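One structure is given here, and the rest of the page talks about it.
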Amino acid sequence: MKYTTLGRSGAVVSTCSLGTMTFGAETPSEVAHQQLDTYFEAGGTFVETADVYSGGEAERIIGDWLAKRSPAVRENVFLAGKGRFPVGVEPRDAGLSRRHLSRALDASLRRLGCEHIDLYQLHAWDPLTPLNESLGFLEDAVRSGKISYGGLSNFTGWQIALAAAHAQDRFPLISMQPQYSLLVREVEWEIVPACLATGLGVLPWSPLGGGWLTGKYRRDQRPSGATRLGEDPNRGVEAYDLRSTQERTWRTLDAVAAVANGREATMSQVSLAWLSAQPGVTSIVLGARTVEQLEDNLGAAGLELSEDELAILSEASDPGAAQYPYGPAGLAQRSRSLD
C-alpha cells in the first residue's frame with residue numbers, strides 16, 4: 001500500500017480507499033467485516049461511506065466493526081462520510097440545508113458509534129440551498145470538532161470552483177469525489193482541472209465502471225447471474241444496453257486486456273493502475289461484493305504501468321472531445337507561449 005496527503009491538507013491516507021456502498025445490501029455484515037479486516041491488514045487506512053448506503057446499514061456495520069477493534073486500530077482509520085439525501089427521517093427533508101446536514105451528521109455519528117468523522121462530504125449539489133449555508137454548516141462542524149475536513153462529491157467544475165472560493169480561509173475543503181474510470185473520462189475536461197486549480201484531492205468512485213473493466217461482460221451477450229448487471233441489466237449509467245452499443249467500450253476493454261496479459265495482471269488491476277497515475281487522483285474508492293474481489297483490487301497498489309502502457313490505455317479510452325471547447329481548437333485557444 002502507498003500513502004499520500006489528501007488535497008491541500010496534512011492528512012495522510014492510503015492511495016486505495018475502501019468504499020462501503022455494498023455493505024448491508026450486496027455484502028452481508030459478516031463479509032463486510034472480513035473486507036474491513038482484509039483492507040487494514042493490507043495497510044489501508046481510508047474508509048468511505050455515506051448515510052444513504054443501504055439506508056444507513058453500511059454505517060451501522062462499520063460501527064459494529066469499529067466497536068470490536070482495539071483503540072490502536074480505530075485510531076488508524078481515516079473515516080469519510082457524506083450527507084444530502086433522505087434516510088428514513090421524518091419529515092423527509094433532504095438537500096444541503098443546515099437543518100438537514102446537522103441531523104444527517106448526528107445520525108451518522110450515532111450509527112458509526114463515533115464522536116468525530118475525519119472527512120464529511122456534500123454528497124451532491126443542491127440548487128435549492130444557498131451554497132454559503134451548506135459551507136457554513138461544514139465550517140461550524142469543523143469548529144465543534146465533529147469533523148476535521150470538508151469535501152465535495154458529484155459537483156461539476158463551476159460548482160467546485162465556487163465552493164472552493166467561498167470556503168477559502170474559513171475551513172479546510174480538501175477533496176472531491178467524482179465518478180472516474182477509463183470509461184468515464186469526461187471529468188478530465190472541467191472537473192479534474194477545477195480540483196487541480198483549487199487543491200482538492202480527487203477520490204474516484206466506480207473506478208471499474210460498475211464491473212465493466214473487470215472483463216466480465218461480452219459483446220452481444222446480455223449479462224446474467226450473480227453480477228450487478230446480471231441482476232439488473234438496466235442499472236444506471238452502467239446499463240448494458242447503454243455501454244455495449246458504444247464502440248469505445250469494447251476498444252477500451254481490448255486495450256486493458258492486452259496490457260493485462262502483458263503484465264500477468266488482471267484487467268481490474270490494470271484499470272486501477274491507470275487511474276492512480278492520473279493527475280490529481282489521491283485515493284481510489286474500491287467497492288467490492290466479496291473479499292476475493294477486494295483482494296484482487298488491492299493488487300493494483302503495487303502495479304506501476306509504463307508510459308507506453310498508459311498511452312495505449314488513454315488513446316483507446318479517449319472519449320473524443322469536439323474541437324471546441326475541450327478539443328484541439330479549444331486547447332490551442334487557451335494556450336500561450338513566448339517562443
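This is a predicted model, so every value here is computed, not measured.
In terms of the salt bridge (Lys or Arg N to Asp or Glu O under 4.0 Å) criterion, residue partners of Glu139 (sequence neighbours excluded) are, by chain and number, Arg143, Arg170. Shown here are the salt bridge (Lys or Arg N to Asp or Glu O under 4.0 Å) partners of Asp254, two or more places apart in sequence or in another chain: there are none. Considering only residues two or more places apart in sequence or on other chains, Tyr326 meets the side-chain hydrogen bond (donor to acceptor under 3.5 Å, both in side chains) condition with Glu190. The salt bridge (Lys or Arg N to Asp or Glu O under 4.0 Å) check on Arg8 picks up nothing, with sequence neighbours excluded. Residues satisfying the side chain to side chain contact (heavy atoms under 4.5 Å, CB included) test with Ser70, not counting sequence neighbours, are Ala72, Val73. Residues passing the side chain to side chain contact (heavy atoms under 4.5 Å, CB included) test with Ser29, sequence neighbours excluded: Ile61. Taking the ring-ring contact (aromatic ring centres under 6.0 Å, His included) definition, one finds that Phe171 meets it with nothing, sequence neighbours left out. For Asp241, the side-chain hydrogen bond (donor to acceptor under 3.5 Å, both in side chains) partners two or more places apart in sequence, or in a different chain, are Arg222. With sequence neighbours excluded, no residue forms a salt bridge (Lys or Arg N to Asp or Glu O under 4.0 Å) with Arg218. Considering only residues two or more places apart in sequence or on other chains, Glu188 meets the side-chain hydrogen bond (donor to acceptor under 3.5 Å, both in side chains) condition with Tyr180, Arg185. Pro127 is linked by a side chain to side chain contact (heavy atoms under 4.5 Å, CB included) to Arg84, Trp125, counting only residues two or more places apart in sequence or in another chain. In this structure, Ser268 has no side-chain hydrogen bond (donor to acceptor under 3.5 Å, both in side chains) partners at least two apart in sequence or on a different chain.
Using a 3.5 Å distance cut-off with no hydrogens or angles, the side chains of Glu59 and Ser108 do pair a donor with an acceptor. Side chain to side chain, Tyr39 and Ser14 meet the donor-acceptor criterion of an N or O pair below 3.5 Å.
Evaluated for a side-chain contact (heavy atoms from CB on, under 4.5 Å) with Phe46, the options Val12, Val77, Leu203, Leu18 yield exactly one hit, Leu203. For the side-chain contact (heavy atoms from CB on, under 4.5 Å) with Tyr149, the lone residue among Leu119, Leu6, Val142 that qualifies is Leu119.
At most 12 non-hydrogen atoms from other residues, nucleotides or ligands lie less than 6.0 angstrom from CD of Glu315.
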